[in-house]
Amino acid sequence: DGGITQSPKYLFRKEGQNVTLSCEQNLNHDAMYWYRQDPGQGLRLIYYSQIVNDFQKGDIAEGYSVSREKKESFPLTVTSAQKNPTAFYLCASSILAGGQETQYFGPGTRLLVL
Amino acid sequence: GNSVTQMEGPVTLSEEAFLTINCTYTATGYPSLFWYVQYPGEGLQLLLKATKADDKGSNKGFEATYRKETTSFHLEKGSVQVSDSAVYFCAYTDSGGYQKVTFGTGTKLQVIP
């Protein structure tokens, strides 16, 4: 089955701890994205990557870091500098067809602070 | 700047009622338009899309028509079911390669039996 997987489904963070959220896709998509969703709100872009070994900050990158060493993988680290990390994190990947992009999403990871 | 405006929810309908969720956008050029659906505790699923003016996207009984003259992409369904209860997001992206996707704030739909 082709798709986007995120793990874990739930993640707990202690004060001062860095945690890493996994995102893997086997769709052969070039671009990958991380969004944050807070209760009752829309999506905010954290980081994105259009090609391996390259990534750009989104609208709310402070307190987060990413890497893109492989096309299939785009892990997100929530650092201790992120003071309000409790949220639902969504990973997406996208494909270009006819010059138009379509994004597809993973099932999400819910991060909770202990 | 570019933006997407959706009607505020929650929207509560009885089963088999007609659904309209309004979406308007401000953008330059020729954007692609999307509707995503999010069921409780899950990620977003692409519901339908349209890539040029007058295109109609459709899926699972839902439809939306790309109206460039009114910059709108309203979501409609003729007869909703309880299983359609979810949050619906309107979104667009500019044409021409990888572009940032702009999402609306989402509209929660609750369908009661």
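Order of the sequence lines sets the chain letters (A, B, ...), proteins ahead of strands, with each chain counted from 1.
For the pair B:Gly41 and A:Phe88, the tightest heavy-atom approach, listed with the atom from each and the gap, is O-CZ, 4.0 Å.
If you run side chain to side chain contact (heavy atoms under 4.5 Å, CB included) between A:Lys71 and each of A:Asp30, A:Ile51, A:Asn53, only A:Asp30 comes through.
A donor and an acceptor atom, one from each side chain of B:Thr107 and B:Gln6, are located under 3.5 Å apart.
A:Asp38 has a carboxylate O that lies under 4.0 Å from a charged side-chain N of A:Arg36, or vice versa, which qualifies the two as a salt bridge.
Interface remark: B:Tyr30 contributes backbone atoms only to the contact with chain A (heavy atom separation under 4.5 Å). Heavy atoms closer than 4.5 Å to chain B are found in the backbone of A:Gln41, but not in its side chain. Interface remark: B:Gln38 contributes side-chain atoms only to the contact with chain A (heavy atom separation under 4.5 Å). Only the side chain of B:Leu46 has a heavy atom closer than 4.5 Å to any heavy atom of chain A. Residue A:Tyr48 does not touch chain B at all, counting heavy-atom pairs closer than 4.5 Å. Residue A:Gln6: no heavy atom, backbone or side chain, is found under 4.5 Å from chain B.
Annotation: maximal heavy-atom pairing with chain B below 4.5 Å, among A:Leu43, A:Leu45, A:Leu90, occurs at A:Leu43.
The local environment of NZ in B:Lys68 is crowded, with over 12 non-hydrogen atoms from other residues, nucleotides or ligands closer than 6.0 Å.
B:Phe103 has its ring centre no less than 6.0 Å from the ring centre of B:Phe34.
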